[in-house]
Each structure stands twice: as C-alpha cells, then as structure tokens.
Amino acid sequence: MAIAYEEKVNVVKSGENVVLVGNNNFNLTHIFDCGQAFRFNLKDGIWQGVAFGKILKCSQDGDHVIFYNITIEEFKAIWFRYFTLDINYGEIIKTISENKTFELATNFADGIRILRQDTWEALCSFIISQNNNIPRIKGIIDRLCESFGEEIESGIYTFPRAEKLAPLSVLDLAPLRAGFRAKYIIDAAKKIANGEVLPLSLTYLPYETAKENLMLIKGVGHKVADCTLLFGCGRFEAFPIDVWIKRVMASLFPDGLPECATEYAGIAQQYLFYYARMNNIK
DNA sequence: AGCCAGGGTCTGC
DNA sequence: GCAGACCATGGC
C-alpha cells in the first residue's frame, strides 16, 4: 500500500524543540525572503514571526530545521500545514524543470515553498503591497499589527482581525502611513467581516469565481486577487503577474508558460519571481 | 534628486 | 478590452 506523502516527512521532538529532518526541499531563507510573507525577520540567526496568532522561532542548519519551544502537536496542528509539508516539492520541481529556464530558477531558488497563510492576512498584506516596495510593505504591516493587533508577548503582536478594522475610518489608519491604500484595507475588512467574501469558499470555488469574488473589494485587481488565492488559499493554479513577472514573461516566455509549468503555475511563478528579482533579470 | 515600488481606479477610446 | 493620468509614501 502506498504511503501518504506526509507520512514520509520526518519530524522529531528534541528537548523543548521540534526538528524537521531530511531533504524536504526546504530553505527558510528563501521561503521568507521570496516576497510571499512579510512578518518574519532574521534576528541573531533565528527567523521569528507570527502567523495564525502564534509566535514561531526557527532556524536551519542544512537538512535540520529547528522550531523552537513548541510541541509536536502544535507543529502538526499549525506549522505542518503552514509550510505545506503535505506537498511533494520534489515532484513539482522535477516536473517544471523539464523547461530549462525553470531548471535554472528552481536551482537558484531551491527550498522555496509556497506558504499557506491566513486568507485575510494575505489579502490585506497584498492590498498594502500595491505600487509599494517590500521594506515599506513590512513597515506598514508592522504598524498595523502594533496599532490594532493583540500583544501576545512584549512587543509582539498578532495580525488584527478583519472585524477589528471593519468599523474604522481612513483617519483611524493614518498612523500606518499606508497612503491611498487605507480605504482599500477598510473595504476589504468590511467585506470579510460581513461575509460578502468568505475566506473558506475561496479555497474550493472554481478559480475564476473565487477571483471575481475577491475583486469585488475596492483596491483588489487581478494581481492582488491572485496573490490572495496563491498565498492565502492554497490555490497553486493562481499566477500573480507583477512588474517582474510581466517583464520576465515578455522576455523569456513570449508565447506563454511552458506546458510543464501550468499545473503548478503559482509555484513556478514564485521560483521565477525570486530568480529574476535576485539576479536582476528583466 | 529623482526614479520606482509584488497595482488599481477612473476616464476616455 | 486597452492606454494614460493619478494616487501617498518612502526606499534606494
């Protein structure tokens, strides 16, 4: 009988920590530096961030990834899914590497995994990302969490719930210095809070329907909707087209994505984005 | 100093 | 459907 892929993932308890062992196509630096998540930062060799209301501290030494001060139960309940350890990246990489450019991109950006982030957090974060640069996106999100999130440890805050932001005005968001995006954040919060956009439904509705639903929100166009579906709903067929992908597609794939990359277009996109941006390929 | 940033809206064809 | 002005702010 075939063993489910997730049962091949080796996770062990070590003292107060949990350790992920083996070659899992897993690179913390690439995962957190590739522009998909904005709340993790490297401090003294340890990646620290918050997701789903929980603090996570982790580091990597080769084939060992250490998750500090958590139980196996918490790891399996939250982080296993967050880091998409149920997805066989070895197979995906093999498939898309049939194309030479994707072979280069997956070699350069090895260990990137698309995170399954909270839908609302991804939506709100990528609204903030529009016409913006990554350092400032992080700054605005930091101020958003400090201003409206809950303090779970000294100086560490959760991402505020949509219900918390829905009743606010643009003036209330002034401390974020989010500019023209403030009104979009509030509209998104309202539509999530009142159920016009249902995060759970976005994971199973047909792709086009889910995307149209998200685009009801002011300030959500094709790109932000696709980022929300890819990073916040586990929809790996979503293919966000930002300025980098647009340029690289025009220069490297004028006839569209190669067939081998279409099934996991979003994952292929992320390798390509990181590869192009880090090497300034236009 | 000035260009640009993981874009979207609005208007006018 | 496509092009262009405009949008706030600050990183580089």
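What's counted below: heavy atoms across the whole structure, side chains too, no hydrogens, waters or symmetry copies. Just so it is clear: chains get the letters A, B, ... in the order the sequence lines come, proteins before strands, and each one is counted from 1.
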Peer 1: Give a yes or no on whether the backbone of A/N17 and the side-chain of A/S14 come within a donor-acceptor separation of less than 3.5 Å.
Peer 2: no
Peer 1: Could you list the residues that satisfy ring-ring contact (aromatic ring centres under 6.0 Å, His included) with A/F83, not counting sequence neighbours?
Peer 2: A/F26, A/F67
Peer 1: Starting at the 5' end of nucleotides 7-13 of chain B, put B wherever the base has a protein heavy atom under 4.0 Å, S where only the sugar-phosphate does, and a dash everywhere else.
Peer 2: BSS----
Peer 1: Between atom CZ in A/R181 and atom C1' in C/dC6, what is the gap in whole Å?
Peer 2: 13 Å
Peer 1: Taking the same atom, C1', in C/dA5 and in B/dG6, what whole-Å distance lies between them?
Peer 2: 22 Å
Peer 1: What's the verdict on ring pair (Phe, Tyr, Trp, His ring centres under 6.0 Å) for A/F102 and A/F253, showing C-alpha distance, side-chain angles and the deciding distance?
Peer 2: CA-CA 11 Å; A/F102 279 114; A/F253 300 111; 5.4 Å; yes
Peer 1: Can you classify the ring geometry of A/F40 versus A/Y82 as parallel (below 30°), tilted (30 to 60°) or perpendicular (above 60°)?
Peer 2: tilted
Peer 1: For nucleotides B/dG7 and C/dC12, find the distance between their P atoms and express it as a whole number of Å.
Peer 2: 16 Å
Peer 1: Within residues 107-124 of chain A, which residues have any heavy atom lying less than 4.0 Å from an atom of DNA chain C?
Peer 2: none
Peer 1: Near DNA chain C, under 4.0 Å by heavy atom, which residues of residues 274-282 of chain A?
Peer 2: none
Peer 1: Can you check the A/I186 CD1 to C/dA8 P distance for me, whole Å?
Peer 2: 13 Å
Peer 1: Contact class for A/F38 vs. all strands (heavy atom < 4.0 Å): base, sugar-phosphate, or nothing?
Peer 2: nothing
Peer 1: Output yes when A/D187 and A/K191 qualify as a salt bridge under the 4.0 Å nitrogen-oxygen rule, no when they do not.
Peer 2: yes
Peer 1: Inspect the contact between A/K94 and A/E91 and indicate whether a charged nitrogen and a carboxylate oxygen are less than 4.0 angstrom apart.
Peer 2: yes
Peer 1: In whole Å, what is the span from the CD1 atom of A/I140 to the C1' atom of C/dG11?
Peer 2: 12 Å
Peer 1: Going by side chain to side chain donor-acceptor pair (under 3.5 Å), name the pairs with one or both residues in residues 243-255 of chain A, residues two or more places apart or in two chains.
Peer 2: none
Peer 1: How long is the line joining NZ of A/K138 and P of C/dG10, in whole Å?
Peer 2: 18 Å
Peer 1: Name all residues meeting the ring-ring contact (aromatic ring centres under 6.0 Å, His included) criterion together with A/Y271; count only those two or more places apart in sequence or in a different chain, and write none if there are none.
Peer 2: none
Peer 1: Do the charged groups of A/K57 and A/D44 touch, with an N to O distance under 4.0 Å?
Peer 2: no
Peer 1: Quick one: does any side-chain atom of A/N280 pair with a main-chain N or O of A/R277 as donor and acceptor, under 3.5 Å?
Peer 2: no
Peer 1: Need one value for A/R177: base, sugar-phosphate or nothing, where a base atom within 4.0 Å counts as base even if backbone is also close, heavy atoms only.
Peer 2: sugar-phosphate
Peer 1: Could you tell me the separation between the NZ atom of A/K183 and the P atom of C/dC6, rounded to a whole number of Å?
Peer 2: 15 Å
Peer 1: What's the CZ-C1' distance between A/F126 and B/dG6, to the nearest Å?
Peer 2: 7 Å
Peer 1: Under the side chain to side chain contact (heavy atoms under 4.5 Å, CB included) test against A/N25, which residue among A/I112, A/I93, A/D110 passes?
Peer 2: A/I93
Peer 1: Tell me the interatomic distance from A/D33, atom CG, to B/dG6, atom C1', rounded to whole angstroms.
Peer 2: 14 Å
Peer 1: Could you tell me how far C/dC7 sits from B/dC4 if I compare only their C1' atoms? Round to whole Å.
Peer 2: 14 Å
Peer 1: Looking at A/K100 and A/E103, does any basic side-chain N land under 4.0 Å from a carboxylate oxygen?
Peer 2: yes
Peer 1: Sticking with atom P, work out how far C/dA8 lies from B/dT11, rounded to a whole angstrom.
Peer 2: 15 Å
Peer 1: Quick one: label A/P240 by what it contacts on the DNA or RNA (base, sugar-phosphate, nothing), any heavy atom closer than 4.0 Å.
Peer 2: base
